[in-house]
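Nothing fancy with the numbering, it's 1 onward along the sequence. Every heavy atom of this structure was used, including side-chain atoms; hydrogens, water molecules and symmetry mates were not.
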Amino acid sequence: MAKKKQSGTCELCGREEVEVTIHHLVPKEMGGTFLPTANLCIPCHKQIHALFTNEELASGLDTIDRLRSHPELQKFLKWIKKQPSTRLPKITKSNARKRNKR
């Protein structure tokens, strides 16, 4: 069954009338299945998973405030807030993440 596209406000960047997805603040693989979630626009959601491992998300980046205050994410948030809600930029993993991938 296909998920219905939901429109709303991204809890991370604050852009309105964007397609939102559910982000588990603690990844499901790390025990977060029934823990709090956040509605994020697709670019923010992809950027989080491009920058951080599930271990990093579970061990200290498990709230919107903590994510928002991370220096690497702040640069992205400053940029994405200026983009129209229809824009879906290409997100790539950071070079550091690519090197660590096994």
Side-chain angles (χ1 to χ4, degrees):
M1 187 173 176
K3 289 185 181 178
K4 233 167 105 172
K5 289 187 178 181
Q6 237 186 326
S7 185
T9 300
C10 177
E11 291 182 48
L12 193 58
C13 71
R15 293 188 310 152
E16 297 176 348
E17 295 182 35
V18 291
E19 186 179 332
V20 292
T21 58
I22 295 172
H23 170 68
H24 287 83
L25 292 167
V26 173
K28 290 192 278 186
E29 301 84 57
M30 310 297 285
T33 302
F34 301 107
L35 295 177
T37 60
N39 288 327
L40 304 181
C41 66
I42 293 168
C44 282
H45 201 168
K46 286 185 176 184
Q47 185 69 15
I48 286 170
H49 289 288
L51 287 174
F52 309 115
T53 64
N54 281 347
E55 289 79 13
E56 290 170 320
L57 292 170
S59 69
L61 295 171
D62 55 354
T63 69
I64 290 294
D65 287 338
R66 288 179 180 164
L67 285 167
R68 202 178 282 133
S69 65
H70 193 281
E72 283 189 69
L73 205 49
Q74 282 180 339
K75 292 178 214 169
F76 173 80
L77 291 173
K78 185 176 179 181
W79 174 79
I80 196 70
K81 286 178 185 181
K82 299 174 190 168
Q83 306 307 310
S85 61
T86 54
R87 174 130 193 230
L88 288 176
K90 185 172 179 352
I91 306 291
T92 56
K93 283 195 166 135
S94 68
N95 289 333
R97 283 286 312 271
K98 287 179 189 171
R99 281 193 293 274
N100 291 337
K101 190 160 175 106
R102 298 186 205 307

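Note that the CG atom of Leu61 and the CG atom of Leu51 stand 10.0 Å from one another [nearest 0.5 Å]. Annotation: the span from Leu77 atom CG to Arg15 atom CZ amounts to 10.0 Å, rounded to 0.5 Å. For the atom pair Ile48 CD1 and Leu12 CG, the distance stands at 5.0 Å (nearest 0.5 Å). The NZ atom of Lys28 sits 10.5 Å away from the OG1 atom of Thr37 when rounded to the nearest 0.5 Å. If you take CD on Glu11 and CG on Leu40, they are separated by 6.5 Å, rounding to the nearest 0.5 Å. Lys75 NZ to His70 NE2: the interatomic distance, rounded to the nearest 0.5 Å, is 10.0 Å.
Partner of Cys13 under the side-chain contact (heavy atoms from CB on, under 4.5 Å) criterion, chosen from Lys81, Gln83, Lys78: Lys81.
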Evaluate side chain to side chain contact (heavy atoms under 4.5 Å, CB included) for Val18 paired with Ile42, printing each intermediate quantity in order.
CA-CA 8 Å; Val18 291; Ile42 293 168; over 6 Å; no
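Closest of all the heavy-atom pairs between Cys10 and Val20 is N-CG1, 4.3 Å. When all heavy atoms are compared, the tightest approach of Thr9 to Gly14 is CG2-O, 3.7 Å. Of all the heavy atoms in His24 and Gly32, the pair that sits closest is CD2-O, 3.5 Å. Among all heavy-atom pairs drawn from Arg66 and Asp62, the shortest one is NH1-OD1, 2.6 Å.
Note on residues 39-48: pairs passing side chain to side chain donor-acceptor pair (under 3.5 Å), not counting sequence neighbours, are Thr21-His45, His23-His45, His45-His49.
For the pair Leu25/Leu35, no side-chain contact is recorded, criterion being any heavy-atom separation below 4.5 Å from C-beta on.
For Glu29, the side chain to side chain donor-acceptor pair (under 3.5 Å) partners are Asn54, not counting sequence neighbours.
With hydrophobic clusters built from ILVMFWY side chains whose heavy atoms lie under 4.5 angstrom apart, Trp79 shares a cluster with Leu67.
Enclosure of atom CD in Glu17 is not indicated, since only 12 or fewer non-hydrogen atoms of other residues, nucleotides or ligands lie within 6.0 angstrom.
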